2 protein chains.
Amino acid sequence: MPRMTKLLLQLQAAADRRHGHGSGLGFVPGAGRRHPPTPRHASAAGRFAPSCLVLCLLALAAAATTLALALALTLHRHVPDPAAAAPGASPRGFAVVINTWRRYALLRRSVAHYAACPGVDAVHVVWSEPRPPPEHLRRAVLNGTRRGIVRFDINGIDSLNNRFRPIRGLAADAVFSVDDDLIVPCSTLRFAFDVWRSAPSAMVGFVPRMHWLADPRGGGTKEYRYGSWWSVWWTGTYSMVLSKASFFHRQYLDLYTNQMLPSIRKYVNENRNCEDIAMSFLVANATGAPPIWVQGRIFEIGSSGISSLKGHGLQRSRCLNTFAAMYGHMPLVATTVKAVDSRKSWFW
Amino acid sequence: MPRMTKLLLQLQAAADRRHGHGSGLGFVPGAGRRHPPTPRHASAAGRFAPSCLVLCLLALAAAATTLALALALTLHRHVPDPAAAAPGASPRGFAVVINTWRRYALLRRSVAHYAACPGVDAVHVVWSEPRPPPEHLRRAVLNGTRRGIVRFDINGIDSLNNRFRPIRGLAADAVFSVDDDLIVPCSTLRFAFDVWRSAPSAMVGFVPRMHWLADPRGGGTKEYRYGSWWSVWWTGTYSMVLSKASFFHRQYLDLYTNQMLPSIRKYVNENRNCEDIAMSFLVANATGAPPIWVQGRIFEIGSSGISSLKGHGLQRSRCLNTFAAMYGHMPLVATTVKAVDSRKSWFW
């Protein structure tokens with residue numbers, strides 16, 4: 001029986017039964033310098049001034065040509081709009097779910113940004129304080145946004161599990177889960193949504209992480225270590241994308257809250273960590289497939305988070321091993337796939 | 001109602017009810033030169049030999065350093081094997097469906113190649129000649145391959161629709177559809193399969209094409225033009241990946257053969273063209289989503305095909321317009337997403 005079909009049948013069955021704190025900050029990858037410096041072989045130089053001159057002139061000519069060509073291409077390539085090219089296709093939008101915790105200034109900036117992005121048809125603020133949001137904050141947050149687009153989802157208890165509580169009345173299937181201190185530019189967000197549309201059962205996001213075997217040669221027991229951004233950069237390999245900046249199907253909210261092992265939610269609640277790893281386990285276990293890492297620059301507007309605390313790596317590794325024990329196996333699947341915008345990538 | 005869920009329910013319902021000629025050759029994109037020549041600003045040169053010397057020396061040093069660094073990274077980055085990193089995840093394999101027509105030498109090379117790729121658990125040869133394959137060919141094709149892995153699927157009638165006939169007894173959900181004159185290296189094939197695993201409802205392939213509005217400013221009627229590889233390269237935008245080198249879910253074979261408008265199959269049969277466009281329409285219409293273009297070098301081992309014939313572009317445009325009229329709308333969805341191997345891409 002196809003696993004994918006089975007999953008979506010489960011999702012379907014759950015369809016009619018239908019919010020936290022940042023998961024950590026870490027190093028945020030962005031589009032960065034797109035082209036690495038190409039190694040060039042310079043001739044021996046020094047006493048060969050005439051040939052050096054010829055070489056330099058040739059280099060100058062080549063550089064000028066390349067620059068002119070690159071400029072011409074840049075000026076022209078961004079003209080066609082895919083949406084305009086395929087007017088029959090008007091994809092539905094998505095909801096942005098912002099997880100916030102006592103950082104009101106960040107929240108105001110964040111909501112103002114996402115509410116103004118094309119394609120966003122709802123912004124949900126996951127509120128996890130004993131008191132409801134103060135009126136001045138509520139007014140400041142709603143100020144200037146489209147009527148009815150922003151909503152506070154109130155939780156009396158502070159729990160990281162809140163960010164994955166099912167949301168009633170969502171118009172679309174896609175949810176973009178994000179921390180209050182992360183700004184993803186609208187065009188980058190839209191691109192990630194395009195990726196998700198083709199891969200609606202996957203988690204699609206900007207912050208990849210990896211799990212590694214502590215001893216790859218293996219003994220009887222398998223112990224896992226959490227791989228940070230640098231390990232992903234070095235190896236090109238990842239098995240999670242963090243929910244602090246990722247798209248997933250809204251029905252995973254129901255699976256997380258109502259179907260996942262309660263012991264996992266309890267662990268997340270008690271340890272105030274790893275709800276993102278729990279969601280990655282859930283999706284990988286349901287699909288048997290890896291997530292998708294989307295290339296794109298994202299911006300941190302805050303400066304503190306649990307990932308900057310001492311012992312963060314150890315805690316995350318502990319989560320990996322605890323959850324794997326609870327599942328009875330390691331569901332995470334590693335991959336090396338990166339989704340890039342072909343308009344920004346010249347060679348194929 | 002989530003469209004994706006609906007689609008997979010339909011696929012599920014069709015699950016228990018359970019083979020052409022090359023679609024065209026065109027320009028085959030490959031990984032090519034990965035890094036474009038960086039424009040460099042050379043100084044005025046000529047009479048400034050000493051400064052030229054200094055510049056050349058600096059360039060030499062920079063090049064040596066970069067080369068050393070690149071080599072060091074290259075030597076190290078390919079060590080970790082994602083499959084080894086996540087031993088709990090042993091993804092199932094996939095079937096390769098080779099469409100062939102009277103090119104026996106190509107077929108032998110093609111089968112020998114794909115049958116030896118890791119992850120391939122079946123190779124199906126779509127045979128579309130009045131006579132069954134001659135015994136010498138059958139023996140030559142099966143020679144050296146794993147026992148039982150290769151099978152001829154016999155069709156007495158020559159029709160492009162044969163390549164999409166449902167195949168009984170497939171062990172896995174993924175089908176890699178390929179022409180007999182196209183060789184995708186095993187590692188590239190495996191990478192595309194990784195992409196498909198995360199996006200099992202999408203077509204995932206190496207040959208992107210686009211549809212364009214003949215007059216974007218629009219009149220009352222919409223006329224579409226077929227966009228070749230060059231238009232994709234120029235704009236970074238595509239809406240189809242051709243079935244001559246793409247992965248898709250096996251259940252689309254059933255949808256194509258048993259559910260799609262019979263008038264489309266009839267058109268494909270009579271015009272001996274556009275079965276790939278028909279499949280692209282089918283998948284886009286079912287999912288409401290675009291396909292996924294995978295970056296990777298693929299190789300043509302033949303030199304003739306219908307895409308090299310005069311009037312190919314016109315014929316393809318005619319198919320687009322005919323199919324859109326049959327559907328009552330244009331289901332194709334444009335995108336700019338390209339899946340690249342993050343092990344081969346240094347900057348994020």
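Every chain is numbered from 1 and lettered A, B, ... according to where its sequence line falls, protein lines coming before strand lines. None of the values given here were measured: they were computed from a predicted structure. In what follows, every heavy atom counts, from backbone to side chain, and hydrogens, waters and symmetry copies are set aside.
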Is a side-chain N or O of A:T336 found less than 3.5 angstrom from the main chain of B:S342, in a donor-acceptor match? no
Under 3.5 Å donor-acceptor, A:S198 side chain and B:P290 backbone: yes
Testing A:D194, A:D341, A:V294, A:V340 one by one against B:V337 for a side-chain contact (heavy atoms from CB on, under 4.5 Å), which residue passes?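 Exactly one candidate clears the test, A:D194.
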Value rounded to 0.5 Å, distance of CZ in B:R197 from CD1 in A:I292: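 These two atoms lie 11.5 Å from each other.
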